[in-house]
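What follows is a short report on a single structure.
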Amino acid sequence: MKLVFERSRPGAHCDILPPCDVPKAELNAPLRAAPPRLPELAEVDISRHYTRLAGEAHGVNDGFYPLGSCTMKYNPRVNEEAAALPGFTGLHPLQPVETVQGALEALCTAEKLLCEITGMDAMSFQPAAGAHGEFAGLLLIKAWHHSRGDTARRKILIPDAAHGTNPASAVMAGYDVVSIPSDETGCVDLAKLREAVGPDTAGLMLTNPNTVGLFDGNILEITRIVHDAGGLCYYDGANLNAVMGIARPGDMGFDVVHLNLHKTFSTPHGCGGPGAGPVGCRQFLAPFLPGDRAVEDGDGFTLEQSTASVGQVKAFYGHFLVVVRALAYLLTLGREGIPEAAQNAVLNANYLMTLLKEDYDMAFTEGVMHEFVMTLEGLKKETGVSAMDIAKGLLDHGIHPPTMYFPLIVHEALMVEPTETESRATLEEAAAVFRGLLKQARTDPEALHRAPERTCVGRLDEVGASRSPRLRYRFDG
């Protein structure tokens with residue numbers, strides 16, 4: 001497909017702005033040495049170009065999207081309609097609070113519902129995405145320790161199966177990272193955790209269910225060990241979709257949690273729009289929450305920020321319209337629908353795993369929650385076909401690949417998360433494709449080394465793209 005610059009034709013244009021009806025103001029000096037080199041196209045060419053681009057992207061509306069730990073569920077259109085209401089879209093963040101009472105009430109309602117789901121007492125919607133929420137949550141932990149004069153706590157404990165953003169966020173918050181190994185069951189090694197905690201422990205970052213899809217049966221002991229050492233416990237909410245409405249991080253002993261509204265609560269994410277990673281906490285940490293929070297004030301609502309707040313982590317109040325989408329989802333499903341969605345997510349993952357476990361080697365099969373991890377290490381040794389080859393082969397069948405080569409504790413890993421919004425028929429069709437690719441690996445492995453062959457582009461040079469990316473168009477001459 002041609003780039004928009006390659007479609008450019010000198011003199012082509014479309015009239016977007018009406019003629020200027022006020023006197024022109026001449027600048028004393030030009031802002032640019034030369035006019036910007038923008039593509040020249042007619043309106044119909046612009047429309048066709050972006051329509052073609054949209055057609056070459058793969059989203060949940062196009063087909064099965066089992067991207068593990070990303071919870072790529074279907075986003076109901078009613079959420080979009082709620083966020084598009086002019087009473088929300090027409091707001092300005094600097095309006096007087098008396099003119100934005102509906103928006104403040106929406107924020108307060110979302111905070112109340114999400115605190116009930118997580119077992120937290122307060123929440124800030126300012127963080128813009130999951131990793132941003134991690135960073136903000138760690139700032140709360142740091143602020144609390146420092147408020148008590150406890151500045152020697154410099155270490156954050158993180159399991160080796162954690163999301164890569166966990167150690168990155170900890171380092172950005174100024175902490176040293178200590179990796180805690182997993183045991184043979186795929187969960188936290190308690191003996192190693194006990195060895196690691198001490199007077200320098202600031203806290204623990206943990207995802208539960210974890211990245212191999214297992215709910216850690218020792219979760220209460222894990223949080224107790226950290227608390228007994230004087231540390232705090234941070235819950236990475238990336239996999240909350242498996243337990244929402246059923247098990248609460250606060251009841252597990254966690255003090256801080258971030259949520260991915262753009263995952264668990266069904267708002268677009270990735271290239272589909274901005275995310276939201278609100279951070280919630282127990283009451284003793286609430287004074288440190290970032291930014292202004294919407295609170296009830298007599299018969300109305302207002303904004304307030306504690307004097308102990310860690311400050312702003314983003315401009316204004318976060319991605320407000322993403323919160324509106326999540327609120328629409330919460331109110332649509334209600335108290336009965338939220339746990340039902342979690343139960344169906346677990347059911348779908350276990351059903352698809354059951355369909356495949358006779359053919360593919362599973363890293364773990366007992367107690368799997370919302371996702372499962374396959375290891376293709378044996379297949380690669382047998383046929384030379386890697387996890388990436390199978391993932392590329394899926395593209396030729398209209399299926400987005402699972403997460404590849406993660407978690408690192410499983411070799412040649414494919415992590416599959418079907419979510420609750422997929423039908424039984426879709427899961428059975430996907431299983432048939434997986435089995436077909438396995439047969440092809442044993443009969444025609446070279447075809448999988450070439451895959452994909454039926455997509456808009458073939459197999460890319462991923463090493464070259466990573467090490468020598470071409471990030472802008474280069475004009476001739």
Side-chain angles (χ1 to χ4, degrees), residues 75-129 132-133 136-137 140 237 244-245 250 257-262 264-269 273-283 285-335 337-338:
N75 310 139
R77 291 298 305 170
V78 67
N79 302 355
E80 301 301 313
E81 294 175 8
L85 291 172
F88 290 138
T89 59
L91 297 179
H92 190 284
L94 293 178
Q95 280 183 232
V97 293
E98 60 269 19
T99 68
V100 291
Q101 289 295 293
L104 297 182
E105 183 177 0
L107 287 172
C108 280
T109 303
E111 178 179 3
K112 178 182 178 181
L113 296 177
L114 292 174
C115 281
E116 182 177 350
I117 287 172
T118 58
M120 296 291 115
D121 299 310
M123 190 166 291
S124 168
F125 290 102
Q126 208 177 48
H132 199 191
L140 300 189
M244 61 177 181
V257 59
H258 95 261
L259 303 176
N260 297 79
L261 298 190
H262 50 288
T264 307
F265 298 100
S266 188
T267 74
H269 74 311
V279 57
C281 62
R282 305 304 295 265
Q283 190 59 49
L285 291 172
F288 305 107
L289 282 170
D292 292 307
R293 287 177 55 225
V295 296
E296 291 193 51
D297 181 27
D299 294 331
F301 301 87
T302 189
L303 290 163
E304 67 176 30
Q305 182 174 152
S306 166
T307 56
S309 170
V310 297
Q312 301 285 114
V313 295
K314 190 181 185 299
F316 303 115
Y317 320 111
H319 289 149
F320 170 65
L321 293 180
V322 176
V323 180
V324 172
R325 290 175 172 89
L327 178 58
Y329 178 76
L330 287 164
L331 295 176
T332 299
L333 267 64
R335 187 176 294 274
I338 290 293

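In what follows, residues are counted from 1 in the order of the sequence shown.
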* Asked: Between Q312 and Q305, is a side chain to side chain contact (heavy atoms under 4.5 Å, CB included) present by the stated rule, with each step listed?
  -> CA-CA 10 Å; Q312 301 285 114; Q305 182 174 152; 3.4 Å; yes

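- Remark: P86 pairs with T89 by the side chain to side chain contact (heavy atoms under 4.5 Å, CB included) rule, at least two apart or across chains.
- Annotation: the span from Q101 atom CD to C108 atom SG amounts to 9.5 Å, rounded to 0.5 Å.
- Qualifying side-chain hydrogen bond (donor to acceptor under 3.5 Å, both in side chains) partners for T99, counting only residues two or more places apart in sequence or in other chains: Q95.
- Between the side chain of S266 and the backbone N or O of Y329, no donor-acceptor pair lies under 3.5 Å.
- Annotation: ring-ring contact (aromatic ring centres under 6.0 Å, His included) contacts involving residues 98-124, sequence neighbours excluded, are absent.
- Residues forming a salt bridge (Lys or Arg N to Asp or Glu O under 4.0 Å) with E116 (at least two apart in sequence, or on another chain): R335.
- Here the shortest heavy-atom pairing between P287 and Q283 reads CD-O, 3.6 Å.
- To the nearest 0.5 Å, atom CG of residue L321 and atom CG of residue L85 are 10.0 Å apart.
- The stretch residues 89-102 participates, sequence neighbours left out, in no salt bridge (charged side-chain N to carboxylate O under 4.0 Å, His left out) pair at all.
- Between atom OG of residue S124 and atom OH of residue Y317 there is a gap of 12.0 Å, rounded to the nearest 0.5 Å.
- L261 has its side chain out of reach of H319: every pair of non-hydrogen atoms, C-beta onward, lies at least 4.5 Å apart.
- Considering only residues two or more places apart in sequence or on other chains, F88 meets the ring-ring contact (aromatic ring centres under 6.0 Å, His included) condition with F320.
- Applying the salt bridge (Lys or Arg N to Asp or Glu O under 4.0 Å) criterion to D121, with sequence neighbours excluded, gives R282.
- For the atom pair L114 CG and F125 CZ, the distance stands at 5.0 Å (nearest 0.5 Å).
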* Yes or no on side chain to side chain contact (heavy atoms under 4.5 Å, CB included) for T267 and N75, after CA distance, side-chain angles and deciding distance? -> CA-CA 6 Å; T267 74; N75 310 139; 5.8 Å; no

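- Taking the side chain to side chain contact (heavy atoms under 4.5 Å, CB included) definition, one finds that E81 meets it with nothing, sequence neighbours left out.
- Every residue two or more places apart in sequence or in another chain that forms a side chain to side chain contact (heavy atoms under 4.5 Å, CB included) with T264 is listed here: L240, N241, M244.
- A donor-acceptor pair is defined here as one N or O able to donate and one able to accept, closer than 3.5 Å; such a pair exists between the side chain of Q126 and the backbone of V313.
- L104 has its side chain within reach of V97: a pair of non-hydrogen atoms, C-beta onward, lies under 4.5 Å apart.
- Shown here for P290 and L140, the closest heavy-atom pair between the two residues is CD-CD2, 4.2 Å.
- When side chains are defined from C-beta on, L289 does not count as touching S306, because their heavy atoms never get closer than 4.5 Å.
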* To do: Take F265 and I117, measure what side chain to side chain contact (heavy atoms under 4.5 Å, CB included) needs, and give me the verdict at the end.
  => CA-CA 12 Å; F265 298 100; I117 287 172; 4.1 Å; yes

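- E105 pairs by the side-chain hydrogen bond (donor to acceptor under 3.5 Å, both in side chains) definition with nothing, not counting sequence neighbours.
- Atom CG of L330 and atom CG of L113 lie 5.5 Å apart (nearest 0.5 Å).
- No side-chain heavy atom of M123 sits under 4.5 Å from any side-chain heavy atom of K112.
- Residues satisfying the side chain to side chain contact (heavy atoms under 4.5 Å, CB included) criterion with A84, sequence neighbours excluded, are absent altogether.
- Separating the CG atom in N260 from the NE2 atom in H258 is a distance of 3.5 Å, to the nearest 0.5 Å.
- Screening residues 289-302 for salt bridge (charged side-chain N to carboxylate O under 4.0 Å, His left out) gives E111-R293 as the qualifying pairs, with residues at least two apart or on separate chains.
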